[in-house]
Engineer: 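I am attaching a structure below and will ask some questions about it afterwards.
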Amino acid sequence: MNPTHPPLMSTHEVFNQAPPLEDSNLYARNLALQEALAREGAGGAHDWMSARGAELGSAAMILKAVQANKYPPTLKLFDNAGNRRDEVEFHPSYHELMAYLKRHGASSEPWSKPGPGAHVRRAAFYMMVAEIEGGALCPTTMTYAVVPAIARDAPLAAEWLPRIYSQDYDPRFLPAQQKRGVTLGMGLTEKQGGSDVRANTSRAEPVNADAASREYRIVGHKWFFSAPMCDAFLVLAHSPGGLSCFLLPRFTPDGRLNEIRIQRLKDKLGDRSNAGSEVEFWGASAWLVGEEGRGVPTILEMGTYCRLDCALGTAGLMRQSVSQALHHARHRSAFGRLLADQPLMKNVLADLAIESEAATVLALRLARAFDQQDEQAAALRRMLTPAAKYWICKRGPMVGAEAMEVLGGNGYIEDGTMARIYRQMPLNSIWEGSGNVMCLDVLRAFAKQPRILEALAAELAPALGRDPRLDKFCARLKDELLRPEDVEARSRLLTQNIALAVQGALLVRFAPEAVSDAFCASRLSDTGYGGAAFGTLPGNSGFASILERAWPS
Ligand SMILES: Cc1cc2nc3c(=O)[nH]c(=O)nc-3n(C[C@H](O)[C@H](O)[C@H](O)COP(=O)(O)OP(=O)(O)OC[C@H]3O[C@@H](n4cnc5c(N)ncnc54)[C@H](O)[C@@H]3O)c2cc1C
């Protein structure tokens, strides 16, 4: 039977909407990233990055990211017969993203295949992945970050490093010794204290009195325990010798499920693809990492690598925000002209592009400090890691909000990419050392290592004499750093200005003049914006060249 509906009424034609931004090579259009990759010692990865950029920007990869977030993980506490499982089930797309990251070395390659530029190459790749999906990056970061701590403990290293170094992703819920590759997580934060880990109440008791025995039982809890399907975790607990770091596997060596009880999954803002959880330890088996009582320094080293990734991740999110905004503005007209051609919108877009480029160059410069072995690099790394994490992650949510606004109402709708980016933005500022904690860490670095001021000066020196605004900013920063009064209360401003000085120095040396000039005018000069909204560059800035560089047409 033929339907006898009347012909469909045509209510309107859809036009003046930007097509989805997909099948665009994330690397090929990111000149700032290409230049920084070469400059910071990983130029040999150019072709490799180009191939990854094409994959990551493809419609197929974007679909995986969408699906992994649309169908979030679920907690399976018990099996059908009532046995405890404490298992989390994920959408297949999440596993595919994890496999992609592991296959391309994001969780271990600088350790398993060390060499010049190894951390920078990984960093640049990580930034591109962050543009597309954030959830799978969480266990990837933690796995990468645990390696130095484990490497120092010979028996644990012999057992765990080969599995960590494996580039096979094996999601099966099995004892680690039966798997082709593993991921690791970390458990520091408890209900009564996250930043202040000394407030931890979890307790670890040695299994026997033999001093040589490294096995303990942990009783306690963790309030944030991301990626609970990892194969093992570094956790902090009080043992008889003080606050100590332990490796806590998901299964005990005899193949039993370890006594890690998942209480519930976190209903969090930001990515939905990765599971966050709350857990209790009911006498869980764990092995001491390093010395008893030295848990904080052990885990802080892990924290340093996580902080690098926070800066990288947010720089990647910023880059995708700028790409989305520019793409939209070049397709959408209002009041008879493309948005991208309107003077005020050009200012907003250029200002966002400058922020993104500044984040990119700073994040990759920081990554190079992880490749460099000398004392000066170590001093720079010690101070610049919290400073870069602080400033890039503080700017991220503002970039996300402004880029979203460029898309108008479409930006606010979950169908598009901007809403997901915006929800993700605050996370890197909070976890693994929230803003204030980073600023206090910068002060601690200066107080403990006098050579840090020297390392900062050496970093800035080659840029001096090229732009008077940068020169003046750096001179004032030095005075402010040497002034002891109210230093804790001033530490946000100091940290921000350290990051701005390093960004300015890099841009003045290496970016086109239009970019560095607008950066110095708006971020460093006395008449600059001082933290106001984006779109406040001087009216005579080189908008056309800034925008063409940011998103070559
Ligand atoms: C999605 C997500 C995933 C996470 N995953 C993990 C995980 O896998 N493992 C894990 O261990 N943790 C994890 N965390 C926890 C995270 O690292 C902590 O939330 C963070 O370190 C802050 O600790 P807190 O929540 O206890 O806040 P608090 O420590 O109470 O801090 C609250 C605020 O006070 C500020 N503050 C603290 N001390 C000072 C001071 N001396 N002076 C001035 N200001 C101060 C902080 O900067 C912050 O703004 C996760 C968090 C989130 C949101």
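Only this structure's heavy atoms are used, side chains among them; waters, hydrogens and symmetry mates stay out. For ligands, and for the atoms within them, numbers begin at 1 and follow the listed sequence.
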Engineer: Which is closest to atom 23 (O) of ligand 1 in terms of heavy atoms, G270, S434, S195, G276?
Structural biologist: S195
Engineer: Distance under 4.0 Å to a non-hydrogen atom of G187: what atoms of ligand 1 satisfy this?
Structural biologist: 11 (O)
Engineer: Charged N to carboxylate O under 4.0 angstrom, R490 versus E485?
Structural biologist: no
Engineer: Check ligand 1 against K268 and write out every atom of the ligand that is under 4.0 Å from a heavy-atom position of the residue.
Structural biologist: 1 (C)
Engineer: Please list the nearest protein heavy atom to atom 9 (N) of ligand 1 with its residue and the distance rounded to 0.1 Å.
Structural biologist: M186 O, 3.0 Å
Engineer: Working to the nearest 0.5 Å, report the span between CG of D309 and CE of M127.
Structural biologist: 11.0 Å
Engineer: Using atom types as modelled and distance alone, determine if a side-chain donor or acceptor of T143 lies under 3.5 Å from a backbone N or O of L184.
Structural biologist: yes
Engineer: So which atom in P139 and which in N274 form the shortest heavy-atom distance, rounded to 0.1 Å?
Structural biologist: CD-OD1, 3.9 Å
Engineer: Protein heavy atom under 4.0 angstrom of atom 33 (C) of ligand 1, is there one?
Structural biologist: no
Engineer: List the steps, then state whether side chain to side chain donor-acceptor pair (under 3.5 Å) holds for S277 with K266.
Structural biologist: CA-CA 5 Å; S277 69; K266 291 283 195 196; over 6 Å; no
Engineer: If we only count N/O pairs under 3.5 Å, is D196 in contact with ligand 1?
Structural biologist: no
Engineer: Quick one: does Q263's side chain have a donor or acceptor within less than 3.5 Å of a partner on R261's backbone?
Structural biologist: yes
Engineer: Taking V129's backbone N and O only, do any of them form a donor-acceptor pair with R52's side chain (distance below 3.5 Å, no angle check)?
Structural biologist: no
Engineer: May I ask you to check whether H221 and F281 place their ring centers less than 6.0 Å from one another?
Structural biologist: no
Engineer: With heavy-atom distances below 4.0 Å as the criterion, list the atoms of ligand 1 near L440.
Structural biologist: 40 (C), 41 (N), 42 (N)
Engineer: Atom 17 (O) of ligand 1: protein heavy atom closer than 4.0 Å?
Structural biologist: yes
Engineer: Could you check atom 5 (N) of ligand 1 against the protein and tell me its nearest heavy-atom contact, residue, atom and distance included?
Structural biologist: S226 OG, 2.7 Å
Engineer: Is it true that R272 and D267 make a salt bridge, defined as a side-chain N closer than 4.0 Å to a carboxylate O?
Structural biologist: yes
Engineer: So if I count the atoms of ligand 1 from 1 in the order they appear, which ones are less than 4.0 Å from some heavy atom of L427?
Structural biologist: 1 (C), 2 (C), 52 (C), 53 (C)
Engineer: With no hydrogens and no angle check, is any side-chain donor or acceptor of H238 less than 3.5 Å from a backbone partner on N200?
Structural biologist: yes
Engineer: Numbering the atoms of ligand 1 from 1, which are under 4.0 Å from a heavy atom of E432?
Structural biologist: 17 (O)
Engineer: Under 4.0 angstrom from atom 30 (O) of ligand 1, is there any protein heavy atom?
Structural biologist: no
Engineer: Do F246 and F233 have ring centres separated by under 6.0 Å?
Structural biologist: no
Engineer: Ligand 1 and E190, any nitrogen or oxygen pair closer than 3.5 angstrom?
Structural biologist: no
Engineer: Taking K389 for the side chain and N428 for the main chain, is one N or O donor matched with an acceptor at less than 3.5 Å?
Structural biologist: yes
Engineer: Where is the nearest protein heavy atom to atom 26 (O) of ligand 1: which residue, which atom, and how far?
Structural biologist: G194 N, 2.8 Å
Engineer: Out of L234, I430, N274, N428, whose heavy atom is nearest to atom 21 (O) of ligand 1?
Structural biologist: I430
Engineer: Flag F225 as yes when one of its N or O atoms lies below 3.5 Å from any N or O atom of ligand 1, and as no otherwise.
Structural biologist: no
Engineer: So, are D196 and R198 salt-bridged, with charged N and O less than 4.0 Å apart?
Structural biologist: no
Engineer: Backbone or side chain, does any N or O of M142 fall under 3.5 Å from an N or O of ligand 1?
Structural biologist: no
Engineer: Considering non-hydrogen atoms of the protein only, which is the closest contact for atom 43 (C) of ligand 1, and what is the distance?
Structural biologist: N436 ND2, 3.4 Å
Engineer: Considering V437, L236, T189 one by one, which has a heavy atom nearer to atom 10 (C) of ligand 1 than any of the others?
Structural biologist: T189
Engineer: Where is the nearest protein heavy atom to atom 13 (C) of ligand 1: which residue, which atom, and how far?
Structural biologist: F224 CB, 3.3 Å
Engineer: What are the atoms of ligand 1, with element, lying closer than 4.0 Å to any heavy atom of L188?
Structural biologist: 10 (C), 11 (O)
